[in-house]
Amino acid sequence: MKTFYITTPIYYVNDSPHLGHAYTTILADIIARTQRQRGIDTFFLTGTDEHGQKILGAAKAKNVSPKEFTDSIVVSWKELWKKLQISNDFFIRTTDINHERTVQEIIKKLYEKGDIYKGNYSGLYCVACETFYLEKDLENGVCPIHKTKTEYVNEESYFFKLSKYEKQILDYLESDKAVLPKNRKSELVNRVKEGLKDISVSRTSFNWGVKFPFDEKHVVYVWFDALINYISALWYENDLKKITFDKFWPANIHLVGKEILWFHAVIWPSILFAIGVEPPKTVFAHGWWTVEGQKMSKTIGNVVDPNKMIEKYGLDAFRYFLLKGCSFGEDGDFSETLLKNTLNNELANELGNLVNRTTTLLSKFCDSKVPKPTKSELIDEALIKESQILDQVLIEVDLYNLNEMHKKIWGFVKAVNKYISDTEPWRLEKTDKERLATVLYNTIESIRLIAILMYPIIRLC
Ligand code: MSP
């Protein structure tokens, strides 16, 4: 039996989910649903990243303990995924005991192997992205992603011997589907070729994290902790007794935003090499959404709340727009006007009208039953030929060409609309009942195919 394992990043729960988080999760859901629909045993993982300085700071600001804080915030994330009909098989939290135990086990193993050693870290740190920076990587002295000031850190720290895995990482990055889209690869390769430095994997200046197993003064660096979620979710059987690591690992795809590709395609595989586990088959980096040309930010006040969007335009329109409105792998720009136009022009006028026209004709002329077709004409053959393009939809999904997948389905929607306009079934009732039956049969059969292929995207109930 073939299996398929797909993951989203685990999200920081310092705040409520927004458009960007919904995007990654919905696109992963579309892929997971497509795989399940074709009979592949699929495991879809999402969850929350709950340790680290950023979460601790957010909890302090609310005057509650970090665990109380994450327990309260995680609810809004789970609720949103439910509303968006996300079909994840498991929701991991890095505060889950099984996860923490797995992290500790791995740290121990690496220490015993000599791949983790004690030292001192001094350098720059951005709390917003929980990342260490070199002076040269800053942009005008601030974090290149968050445009915020970094802080100077100087503390005792354990290090992971990333440098040891340089050659293995370069080979991995060169393999065919390790990093997608392909144009993201060269930047990574060049950076690795500049030389991999060992990374700090523990902190002592605060204690909100997984305790180092043999040195409780230290907590595990939040990214080291977080990446391990992809295996800890399978490693221990949790509630899902049937799920085993052997069955689903290596992951078919880690879907991540472009800003965290380095962690997933370089650091994570190195940790896996160090513990003797295969790396993921693909790390796919998608682009970022801006909103009406601007970066989403609280200060600007343009953060898009997915809850509001689905209240206003419905779940179908939101999911459909996120797939269609951005080329998968590249950046996209969100605007409510575009979302509304897509809903009206494509979902309502093209698909909705097609279904509506056909069911009205069926109820009027065929007692709402699917009629039996008779002889085919050239125009019918042409439509059937067009429908063969649909065989390629799954090939596009396998290559993660989600926009091509959509284009193929939508090309067919347009073709069926044209077929109805050209055959004018509403005129046939009086002149040629057999022909009417054939035309309506072909139309309803086409709608059936469209419904199946669109199922991972819309109308999920
Ligand atoms: N906790 C880390 C990930 C650890 S995974 C082992 C993290 N979390 S995050 O909450 O900041 O979420 C990051 C993810 O949210 C990005 O990878 C991306 O998927 C998504 N996005 C956040 N803002 C986004 C946009 N404006 N547009 C598209 N997606 C972006 O990083």
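Along the sequence shown, the residues carry numbers beginning at 1. Quantities reported herein were computed from a predicted structural model and do not represent experimental measurements. Whatever order the structure lists ligands and atoms in, that order sets their numbers, starting from 1.
- With atom 12 (O) of ligand 1 as the reference point, the heavy atom nearest to it among Phe334, Trp268, Tyr11 is part of Tyr11.
- Counting the atoms of ligand 1 from 1 in the order shown, those under 4.0 Å from a heavy atom of Gly287 are 28 (C).
- Below 4.0 Å from some heavy atom of Thr24 lie the following atoms of ligand 1, by number and element: 18 (C), 19 (O), 20 (C).
- Of the protein's non-hydrogen atoms, the one nearest atom 3 (C) of ligand 1 is Ile10 O, 3.2 Å.
- Taking each of Phe224, Tyr230, Phe263, Trp77 in turn, the one with a heavy atom nearest to atom 6 (C) of ligand 1 proves to be Tyr230.
- The residue from Tyr230, Phe284, Tyr172 that alone fulfils the ring-ring contact (aromatic ring centres under 6.0 Å, His included) condition with His264 is Tyr230.
- Counting protein heavy atoms only, atom 7 (C) of ligand 1 is closest to Tyr12 CE1, 3.4 Å.
- For the pair Arg36 and Phe4, the cation-pi criterion (under 6.0 Å, within 45° of the ring axis) is not fulfilled.
- By heavy-atom distance, the residue among Gly20, Pro17, Gly332 lying nearest atom 24 (C) of ligand 1 is Gly20.
- Under the 4.0 Å criterion applied to side-chain N and carboxylate O atoms, Arg93 and Asp49 are not assigned as salt-bridge partners.
- Among protein heavy atoms, the minimum distance from atom 17 (O) of ligand 1 is reached at Gly257 N, 3.0 Å.
- Screening Tyr5, Trp235, Phe43 for a ring-ring contact (aromatic ring centres under 6.0 Å, His included) involving Phe245 leaves a single residue, Trp235.
- At least one heavy atom of His264 lies less than 4.0 angstrom from ligand 1.
- Cation-pi check for Lys340 over Tyr313 is not met; the charged atom does not lie both under 6.0 angstrom from the ring centroid and within 45 degrees of its normal.
- For ligand 1 and Asp49, the ligand atoms under 4.0 Å from any heavy atom of the residue are 1 (N), 2 (C), 4 (C).
- In this structure, Asp176 does not pair ionically with Lys185, as no charged nitrogen and carboxylate oxygen lie closer than 4.0 Å.
- When Lys54, His18, His21 are ranked by how near their heavy atoms come to atom 23 (N) of ligand 1, first place goes to His18.
- Ion pairing between a basic and an acidic side chain is recognised when a charged N comes within 4.0 Å of a carboxylate O; Lys407 and Glu396 show no such pairing.
- The shortest contact between atom 13 (C) of ligand 1 and any protein heavy atom is with Glu259 OE2, 3.8 Å.
- The distance from ligand 1 to the heavy atoms of Met296 drops below 4.0 Å at these ligand atoms: 26 (N).
- The closest donor-acceptor contact from the side chain of Asn229 to the backbone of Ile92 lies at 3.5 Å or more, if one exists at all.
- Glu156 has a carboxylate O that lies under 4.0 Å from a charged side-chain N of Lys217, or vice versa, which qualifies the two as a salt bridge.
- Using a 4.0 Å cutoff on heavy atoms, His286 counts as a contact of ligand 1.
- Near Ala226, meaning under 4.0 Å from one of its heavy atoms, ligand 1 places the atoms 6 (C).
- Among protein heavy atoms, atom 27 (N) of ligand 1 sits closest to Trp289 N, 2.9 Å.
- Salt-bridge formation is not detected for the pair Lys109/Glu105: no Lys NZ or Arg NE/NH1/NH2 atom is positioned less than 4.0 Å from an Asp or Glu carboxylate oxygen.
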